[in-house]
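Down below is the structure, laid out as structure tokens.
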Amino acid sequence: MKRIGKFSVLLIAVALVSPALAHGADSYDEQHLASPAPAKNFQGYLLQDSAEITRFNSGFISFKVNAAQGVESITACSSLGQSGCEFTSKQFYRAVLPKCDAVNTVDCITNVYAKNDDGKELAIQPAGIFADKGKYDFQGDPSQNLPTGGGAILVKIPEAPHAGGDLYLIKSEMVGVRDTGNSPTAKFLMQRMQTGIFAVAIEKGTFGFMAMSTDPKQYPTTDWLIGAPVGNPPETGKCVMSSATECAKGYPLPQNVAFGLQFRMNNQLNGWLHGRMKAPSITLVKEAAGTQLLSVQANAIKVPLIDVWVNNDVMPAGLKDYYAALPKWGSTTFGTKDQPLSEIALRRDGNDGNNANTMKEFVNWLPVIGDKAQGMPTAWMLKTMISFGDTKNESPCFAKSNGFAGVVSTNAAQYLDGPPTYKDGTLDYKVASTHYEADGTTVFKGTYELIMSSALARCIYKFTAAPISATVSITSENGEANAATTVINEKNGWLKLGAYGFTFSSPTVRVKLTQEAAQAPTPSPVATVKPAAAKKVTITCIKGKTSKKVTAVNPKCPTGYKKK
């Protein structure tokens, strides 16, 4: 066993179940269907990074609770004014953001753009909305911080073709809640924002929609706000989004195109962003009206997909211990006490966050996963760090960065969505993945990029306004240096760091910022005052009848002469 930060992991891992790829040879990893359970008494693990962003359509639900604070009923609302949608206990929304227009002026997308490798702006053609009339679309209310939730934006980029055509789907989602426990007149609190760009083609057929359930039985407590999705037939796994009659089927994103989005946000963006992209460029501007303009540009990147099953009888001990400590929530989704695992097949979802627990879960699955991924789909995604009202970033240093700290991006299968850990003068960042891509022979090379507010960095480190230097090192799980190419620069108020080409399974990226001591100012030269030239005096010297004049500063008569 080797120590990996807080975790231990077997470095030599054997897959206990050979996972079958659930798509045909003529399809793509972006259309991956989750593999079925081999039998009862198995547990599975699916890490399909785009799933958390794509799984739900828009929805706005209002809870009513009974005297025991149990969920009595849930109403799907089309607006705040709808009957049955009065704010009595808790309300929750998932809003797929629209394009800005005369009706929706905030919490919307103002611009979509793309550039090729030469920096040429590519023409963008509007192509409608998917799906045009969502079952649970709702109208927002900016006065209550409630965004409008509708369908995803479709555009065509003829100069950026992909394997399925030239159609792209932009799904940008805000997730938020308000609770009478905070205040009977509370406004909505945006818990997170996430956005993704997907290469798609529209396929006609019989499909389904993904929406939040309104069944109270799916909500063990009012704190559990996800609920089981409804309308998700198995064949829609290949769909980025689907309706009853259409599927937006996914294809690989071109990696030689920089895609860009601009948002106008009524809900304020604070803290850190994290994502799946390469060479990101981010700006956040506060407007006079109090709104924010967020601009994001980056290239797509490939990210490992994990899809495995293991028999409970031979599950690694670390994995058993990890799940034994988790709450069951009274639902078969998490494995109930009254229904033995031997009687069910239970798939674990690795797509609901990037935190210390999901990192620990992934590391404990590594002996099952083995050395290679089950797919390498492309991705262009950006998310806010999930805070759920956490105020740990509200410090004087974050105030200096206007509340926006920066962006962390990596292609690692699992990572922590928050900022690097500051300890002993370094910023440490943990990532984890398989050693090889899905073919089992191509070594998977890691990327890590950090864009950090210069003001924040200077405040944390107590630096002056002088230029900041940095070193980036990669340390493998056995403590050895892991070779990587690094890039460091500071420009326009942002410190940019990058590490590329390192290998896995669970290395630590370590950033050390330094600054030369400020040099004492060179003293101004002191003017040298020259003494005034001494005045010469003339005297007359005589010797008998002979006389001479002598001129000097201190004149003296020659020998034999006397001063007259």
| query | Between Arg192 and Val175, is there a donor-acceptor pair closer than 3.5 Å when you use the side chain of the first and the backbone of the second? | reply | no
| said: Between Thr410 (side chain only) and Thr447 (backbone N and O only), is there a donor and an acceptor less than 3.5 Å apart? | reply: yes
| Is the ring centre of Tyr93 less than 6.0 Å from the ring centre of Phe60? | no
| task | Taking atom types as modelled, find out whether Ser79 and Gln139 have a side-chain donor-acceptor pair closer than 3.5 angstrom. | result | no
| query | Has the side chain of Lys187 got a donor or acceptor atom that lies under 3.5 Å from a matching backbone atom of Ser143? | reply | yes
| said: What I want to check is whether the side chains of Gln262 and Thr110 have a donor and an acceptor closer together than 3.5 Å. | reply: yes
| task | State whether the side chain of Thr434 and the backbone N or O of Tyr436 hold a donor-acceptor pair below 3.5 Å, judged by distance alone. | result | yes
| message | With a 3.5 Å distance limit and no angle check, can you tell me whether Asn312 reaches the backbone of Asn41 through a side-chain donor-acceptor pair? | response | yes
| field | Short side-chain donor-acceptor distance under 3.5 Å, Thr384 and Trp272 | value | no
| Would you say the side chains of Ser58 and Asp137 form a donor-acceptor pair under 3.5 Å? | no
| Would Arg347 count as a cation-pi partner of Tyr45, with NZ or CZ less than 6.0 Å from the six-membered ring centre and within 45° of the ring normal? | no
| task | Please answer whether the main-chain N or O of Val308 pairs with a side-chain N or O of Trp365 as donor and acceptor at a distance below 3.5 Å. | result | no
| said: Between Asp349 and Arg55, does any NZ, NE, NH1 or NH2 come within less than 4.0 Å of an OD or OE carboxylate oxygen? | reply: yes
| message | For Tyr168, run the ring pair (Phe, Tyr, Trp, His ring centres under 6.0 Å) check against Phe198, Tyr113, Tyr251, Phe259 and tell me which one passes. | response | Phe259
| request: List the steps and the verdict of side-chain contact (heavy atoms from CB on, under 4.5 Å) for Gln297 and Lys115. | output: CA-CA 9 Å; Gln297 178 182 302; Lys115 297 179 182 179; 3.8 Å; yes
| field | Smallest separation among heavy atoms of Ala127 and Leu167, with atom names | value | CB-CD1, 3.8 Å
| request: Verify salt bridge (charged side-chain N to carboxylate O under 4.0 Å, His left out) between Glu437 and Lys372, making sure each step is shown before the conclusion. | output: CA-CA 5 Å; Glu437 296 187 9; Lys372 70 172 187 174; over 6 Å; no
| field | Residues Lys238 and Glu30 bridged, charged N to O under 4.0 Å | value | no
| message | We want to know whether Glu449 and Ser409 form a side-chain donor-acceptor pair, criterion being a heavy-atom distance below 3.5 angstrom. | response | no
| Carboxylate-amine/guanidinium proximity below 4.0 Å for Arg264 and Asp107 | no
| Electrostatic pair Glu173-Arg94, nearest N-O below 4.0 angstrom | yes
| query | Mind checking whether Lys320 and Asn364 have side chains closer than 4.5 Å, heavy atoms only? | reply | no
| message | Looking at every heavy atom in both Met376 and Pro304, which two are closest together, and how far apart are they? | response | SD-CA, 3.6 Å
| Side-chain H-bond candidate by donor/acceptor type, Asp307 with Gln48, under 3.5 Å | no
| message | Do the side chains of Lys64 and Glu72 get close enough for a salt bridge, i.e. N-O under 4.0 angstrom? | response | no
| For the student: nearest non-hydrogen atoms of Asn116 and Lys120, plus distance | OD1-N, 2.9 Å
| message | So does Leu97 get a backbone contact from the side chain of Asn104, meaning a donor-acceptor N/O pair under 3.5 Å? | response | no
| query | Quick check: does any side chain N or O of Glu361 sit under 3.5 Å from a backbone N or O of Asn357, one acting as donor and the other as acceptor? | reply | no
| message | When you measure from the side chain of Asn267 to the backbone of Leu189, do you find a donor-acceptor pair of N or O atoms at a distance under 3.5 Å? | response | no
| query | With no hydrogens and no angle check, is any side-chain donor or acceptor of Ser89 less than 3.5 Å from a backbone partner on Phe63? | reply | yes
